[in-house]
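Just below is one structure, and these are the notes that go with it.
Hydrogens, waters and symmetry mates play no part in the numbers below; they use all other heavy atoms, side chains included. We count residues from 1, following the sequence as given.
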Amino acid sequence: MVKLTPELINQSMQYINPVRDYELDLRGYKIPQIENMGATLDQFDTVDLSDNDIRKLENFPYLPRMKNLLLNNNRITRIADDLAETLPGLQSVILTGNNLQELSDLKPLTKLQKLETLSLLTNPVTSKQHYREYIAYKFPRLRLLDFRKIKMKERQAAIEFFENTSKGKNILREIAKKSKLAANAAVDENKPKKLSATPAEIQKIREAIRNASSLQEVERLTRLLQSGQINEELNKNGNKQGYEQMEEMEVLN
């Protein structure tokens with residue numbers, strides 16, 4: 001795997017593609033996550049991140065110039081809720097060969113006001129019942145889905161189904177429920193994980209603070225005590241000294 005560094009961005013192929021867009025080619029590096037895209041200085045119309053190892057479509061800075069995002073053959077399971085805020089000019093998103101599972105996973109894409117082309121071929125979501133109708137309904141400006149044109153008749157039928165039938169309304173409610181659960185799970189995932197400390201562990205940390213040999217050690221152990229992450233932190237190499245002090249106190253006791 002290769003990290004997406006500013007150096008890699010600057011060294012990668014940059015060219016005018018056949019449709020006269022300025023393109024950045026980041027294909028095939030096995031990049032695990034999107035980062036440092038500010039190094040592009042918003043110079044590109046198209047960015048190709050195909051054939052990498054990306055799991056989450058996230059972490060873009062504000063890049064209003066970008067129109068086309070190619071993400072074929074990654075491992076994407078989640079799309080950041082703020083994608084439309086950071087990439088407001090997106091007209092085409094190609095996600096062929098990823099791992100998007102649920103119709104609710106596509107909600108962030110519905111906020112892209114200029115989106116005209118979307119490919120989700122060979123994602124599990126394409127096998128969901130009413131997949132194409134749902135896309136036609138939720139993406140009113142979309143012209144091409146999986147490289148097939150969405151016809152006016154098809155869109156009108158989707159509107160009729162989701163707005164005027166009980167089955168369609170129930171499907172929308174279930175999708176909205178799943179979307180809310182996924183959003184809550186994402187919030188919980190980003191919260192710092194705290195482990196509850198026992199009174200004995202808290203006392204050991206306090207003793208270690210009193211016996212610390214430097215101000216830096218005092219500050220570090222104090223943060224440890226305040227965070228509640230005692231078990232987790234004491235197993236890290238960076239807290240080896242505090243851990244040894246606590247073990248010494250156990251021997252003395």
Side-chain angles (χ1 to χ4, degrees), residues 1-103 105-112 114-128 131-132 135 139 141-150:
M1 288 188 181
V2 176
K3 287 193 70 174
L4 183 52
T5 62
E7 291 76 19
L8 179 61
I9 289 169
N10 291 327
Q11 293 166 9
S12 294
M13 188 179 296
Q14 305 171 12
Y15 57 93
I16 303 297
N17 66 22
V19 295
R20 307 301 298 168
D21 284 339
Y22 194 28
E23 181 167 336
L24 173 64
D25 185 352
L26 293 168
R27 178 188 289 263
Y29 289 106
K30 297 304 176 187
I31 295 163
Q33 63 183 27
I34 296 167
E35 55 188 334
N36 296 311
M37 289 299 292
T40 65
L41 303 177
D42 197 27
Q43 297 180 80
F44 300 98
D45 305 290
T46 299
V47 173
D48 189 350
L49 282 159
S50 300
D51 302 317
N52 283 298
D53 202 31
I54 298 165
R55 295 170 183 265
K56 298 176 186 176
L57 182 48
E58 62 176 359
N59 205 27
F60 283 97
Y62 183 58
L63 300 173
R65 177 172 173 173
M66 194 189 301
K67 295 187 299 184
N68 309 300
L69 186 55
L70 309 179
L71 292 150
N72 298 293
N73 305 320
N74 277 277
R75 302 170 70 184
I76 293 169
T77 60
R78 198 170 78 198
I79 301 169
D81 199 49
D82 67 350
L83 189 70
E85 297 169 26
T86 56
L87 304 178
L90 279 182
Q91 299 174 16
S92 175
V93 178
I94 307 301
L95 285 158
T96 301
N98 280 280
N99 199 28
L100 292 161
Q101 300 280 336
E102 302 289 341
L103 293 171
D105 296 334
L106 309 179
K107 181 180 177 182
L109 297 177
T110 66
K111 302 174 186 177
L112 292 166
K114 298 182 179 181
L115 190 65
E116 296 182 349
T117 300
L118 175 64
S119 174
L120 295 162
L121 289 167
T122 64
N123 280 259
V125 68
T126 61
S127 65
K128 294 292 180 181
Y131 156 74
R132 192 169 173 87
I135 300 294
F139 294 77
R141 297 173 186 82
L142 199 68
R143 297 174 57 224
L144 289 174
L145 173 60
D146 300 337
F147 304 104
R148 285 173 51 205
K149 185 177 180 180
I150 297 177

Task: Point-to-point distance, once rounded to the nearest 0.5 Å, from CG of Leu112 to CD1 of Ile79 - done: 9.0 Å
- [ ] Write down the atom of Asp51, the atom of Arg27, and the distance for their closest heavy-atom approach.
- [x] OD2-NH1, 2.9 Å
- [ ] Quick one: closest heavy-atom pair of Val47 and Met37, and the distance?
- [x] CG1-CE, 4.0 Å
- [ ] Return yes if some donor-acceptor pair links the side-chain N/O of Asp105 with the main-chain N/O of Glu102 below 3.5 Å, else return no.
- [x] yes
Open item on the list: Tell me if a side-chain donor or acceptor on Asp48 pairs with a main-chain N or O of Ser50 at a distance below 3.5 Å.
Closed with: yes
- [ ] To the nearest 0.5 angstrom, please state how far the OG1 atom of Thr122 sits from the CG atom of Asn73.
- [x] 7.0 Å
TODO: Taking the side chain as every heavy atom from C-beta outward, state whether Thr126 and Leu121 have any atom pair closer than 4.5 Å.
DONE: no
- [ ] Decide side chain to side chain donor-acceptor pair (under 3.5 Å) for Asn123 and Tyr131; before the verdict, give the C-alpha distance in whole Å, the side-chain angles of both, and the deciding distance to 0.1 Å.
- [x] CA-CA 11 Å; Asn123 280 259; Tyr131 156 74; over 6 Å; no
Open item on the list: Is any side-chain heavy atom of Val125 closer than 4.5 Å to one of Leu103?
Closed with: yes
Open item on the list: Less than 4.0 angstrom from a charged side-chain N to a carboxylate O is my criterion; do Asp81 and Lys111 meet it?
Closed with: yes
Open item on the list: So which atom in Leu87 and which in Pro61 form the shortest heavy-atom distance, rounded to 0.1 Å?
Closed with: CD2-O, 4.2 Å
Task: Whether Asn10 side chain and Pro6 backbone form a donor-acceptor pair below 3.5 Å - done: yes
Open item on the list: Please find the pair of heavy atoms, one from Glu23 and one from Phe44, that lie closest to each other, and give the distance.
Closed with: C-CD2, 3.7 Å
Task: Partner of Leu26 by side chain to side chain contact (heavy atoms under 4.5 Å, CB included), out of Val2, Leu70, Leu49 - done: Leu49
TODO: Could you please spell out the steps behind the side chain to side chain contact (heavy atoms under 4.5 Å, CB included) verdict for Ile34 and Lys56?
DONE: CA-CA 8 Å; Ile34 296 167; Lys56 298 176 186 176; over 6 Å; no
Open item on the list: Checking side-chain hydrogen bond (donor to acceptor under 3.5 Å, both in side chains) between Arg75 and each of Asp53, Asn98, Asn52, which is the one that passes?
Closed with: Asp53
Task: Working for side chain to side chain contact (heavy atoms under 4.5 Å, CB included), residues Ile150 and Arg132 - done: CA-CA 9 Å; Ile150 297 177; Arg132 192 169 173 87; 3.9 Å; yes
Task: Euclidean distance, Asn59 CG relative to Asn36 CG, rounded to 0.5 Å - done: 8.5 Å
Open item on the list: Quick one: does any side-chain atom of Thr117 pair with a main-chain N or O of Ser92 as donor and acceptor, under 3.5 Å?
Closed with: no
Open item on the list: Can you confirm whether Ile135 sits close enough to Asp146 that some side-chain heavy atom of one is under 4.5 Å from a side-chain heavy atom of the other?
Closed with: no
Task: Flag, side chain of Ser12 to backbone of Leu8, donor-acceptor distance under 3.5 Å - done: yes
Task: From CG (Leu95) to CG (Asn72), nearest 0.5 Å - done: 8.0 Å
Open item on the list: side chain to side chain contact (heavy atoms under 4.5 Å, CB included) for Thr110 and Phe139? Distances and angles first, verdict last.
Closed with: CA-CA 6 Å; Thr110 66; Phe139 294 77; 3.5 Å; yes
- [ ] First locate atom CG of Leu142, then atom CG of Leu144, and finally report the distance between them rounded to the nearest 0.5 Å.
- [x] 7.5 Å
- [ ] Examine distances only and state if a side-chain atom of Ser119 and a backbone atom of Ile94 form a donor-acceptor pair shorter than 3.5 Å.
- [x] no
Open item on the list: For Asp45, run the side-chain hydrogen bond (donor to acceptor under 3.5 Å, both in side chains) check against Arg20, Lys67, Arg65, Gln91 and tell me which one passes.
Closed with: Arg65
Task: Distance, nearest 0.5 Å, that separates CZ of Phe60 from CG of Leu90 - done: 8.0 Å
- [ ] Mind running side chain to side chain contact (heavy atoms under 4.5 Å, CB included) on Leu106 and Leu118 for me, showing each step along the way?
- [x] CA-CA 11 Å; Leu106 309 179; Leu118 175 64; 5.6 Å; no
TODO: Of all the heavy-atom pairs spanning Tyr22 and Gln43, show the shortest one and how long it is.
DONE: CD2-O, 3.1 Å
Open item on the list: Looking at every heavy atom in both Pro64 and Asp42, which two are closest together, and how far apart are they?
Closed with: CD-OD2, 3.1 Å
Open item on the list: Within the supplied structure, the quantity of interest is the number of heavy atoms (other residues, nucleotides, ligands) at a distance under 6.0 Å from Lys3 NZ; does it exceed 12?
Closed with: no
